Amino acid sequence: VYHLQSTSQMAEEILEALSRLFSCTGCFLILAGPREGTGNKKQIYTRGQVQENQLAMEQNPTVSLGEGVLSSRLYDAEQQYAGTLCVLLDSPPRYEQTQLFEVFAKQVSAAIQNSALHSLVNTQNRQLSRAYQYLGDSYTEMISAIRLMVDAKDTYTRGHSDRVSYLAQHIAQELGKDDSFCERVR
């Protein structure tokens with residue numbers, strides 16, 4: 001159903017697949033907030049002929065039968081409301097269509113949950129990268145402060161640490177070591 005895309009791309013593909021599976025006049029997907037880039041605002045995606053009063057079906061608790069409508073509330077892994085999926089059919093749904101729709105709705109719920117988890121993992125990875133960079137910068141500053149203390153203590157050895165650092169880095173580069181190794185040696 002999805003390939004770790006943006007929410008809007010995923011919603012459009014879900015509605016496209018739903019339109020292909022069912023002979024329908026319209027379909028819609030309502031996603032409850034918060035979603036990436038939307039704040040707490042719910043998002044509504046439609047395809048075909050969907051009227052405003054049909055969007056009110058969002059309040060239906062389970063799959064609805066009859067009147068040419070199949071609707072299902074979508075839930076995340078914690079059984080919290082994640083949205084509503086609805087298809088508007090030309091005629092009352094057959095049993096097979098109802099079963100297919102239930103399976104499709106569960107897959108959509110899983111896709112939405114996976115997308116949310118992927119977004120969360122990316123956010124956590126960015127925060128971890130920033131923390132790692134901060135830690136590395138702090139370490140470098142600490143080493144530099146210790147080097148300056150040693151150089152300030154004895155005028156005879158002043159600059160020795162800088163010369164050793166320079167030579168160690170160039171030897172590592174000549175040995176073909178990667179940049180992160182050369183930085184650590186420096």
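Counting begins at 1 with the first residue of the sequence. No experiment lies behind these values; they were computed from the predicted model shown.
Residues His170 and Tyr166 meet the side-chain proximity criterion, which asks for heavy atoms closer than 4.5 Å. A 4.5 Å side-chain heavy-atom check between Phe28 and Arg47 finds every atom pair outside the cut-off. Between Ile30 and Leu74, every side-chain heavy-atom pair lies at or beyond the 4.5 Å cut-off. No side-chain heavy atom of Leu117 sits under 4.5 Å from any side-chain heavy atom of Ser115. Ser23 is not listed as a side-chain neighbour of Leu89, based on a closest heavy-atom distance of 4.5 Å or more. Inter-residue side-chain proximity for Asp76 and Ile112 is flagged as unmet; no heavy-atom pair is nearer than 4.5 Å. Inter-residue side-chain proximity for Gln173 and Lys177 is flagged as unmet; no heavy-atom pair is nearer than 4.5 Å.
Taking all atoms of both residues into account, the shortest heavy-atom contact from Gln113 to Ala77 is OE1-N, 3.6 Å. The nearest pair of heavy atoms linking Ala32 to Lys42 is CA-CB, 4.2 Å. Taking both residues in full, the closest heavy atoms of Val87 and Cys27 are given as CA-CB, 4.0 Å, listed atom of the first, atom of the second, then distance. In terms of heavy atoms, Pro92 sits closest to Gln97 at O-OE1, 4.3 Å.
For the pair Ser144 (side chain) and Thr140 (backbone), a donor-acceptor distance under 3.5 Å is absent.
Contact check on Glu16 versus Arg20 returns a salt bridge, with a Lys/Arg side-chain nitrogen under 4.0 Å from an Asp/Glu carboxylate oxygen.
A side chain to side chain contact (heavy atoms under 4.5 Å, CB included) with Val108 is found for exactly one of Leu85, Leu18, Val103, namely Leu85.
Between the side chains of Gln43 and Tyr45, at least one donor N or O lies within less than 3.5 Å of an accepting N or O.
Taken to the nearest 0.5 Å, the CG atom of Asn114 stands 12.5 Å off from the OG atom of Ser119. Summarising the geometry, atom OG1 belonging to Thr123 is positioned 10.0 Å from atom NE2 belonging to His118; distances are rounded to the nearest 0.5 Å. Residue Leu21 holds its CG atom at 9.0 Å from OG of Ser19, rounded to the nearest 0.5 Å. Here CD of Gln9 is found 7.5 Å from CD of Glu13. Values are rounded to the nearest 0.5 Å. Atom CD1 of Ile14 and atom CG of Leu31 lie 7.0 Å apart (nearest 0.5 Å). Considering OG of Ser180 and CZ of Arg184, their distance stands at 5.0 Å, rounded to 0.5 Å.
Counting heavy atoms of neighbouring residues, nucleotides and ligands inside a 6.0 Å radius, atom CG of Asp90 exceeds 12 of them. Around CD of Glu96, the count of heavy atoms belonging to other residues, nucleotides or ligands within 6.0 Å exceeds 12.
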### Message
What verdict does the side chain to side chain donor-acceptor pair (under 3.5 Å) test give for Arg126 and Ser129, after you've listed the backbone C-alpha separation in whole Å, the side-chain angles of each residue and the deciding distance to 0.1 Å?
### Response
CA-CA 5 Å; Arg126 284 190 296 272; Ser129 293; over 6 Å; no
### Task
Step by step, work out the side-chain contact (heavy atoms from CB on, under 4.5 Å) result for Asn122 and Leu120.
CA-CA 5 Å; Asn122 284 340; Leu120 179 63; over 6 Å; no
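Phe181 and Ile171 end up in different hydrophobic clusters when Ile, Leu, Val, Met, Phe, Trp and Tyr side chains are linked at under 4.5 Å.
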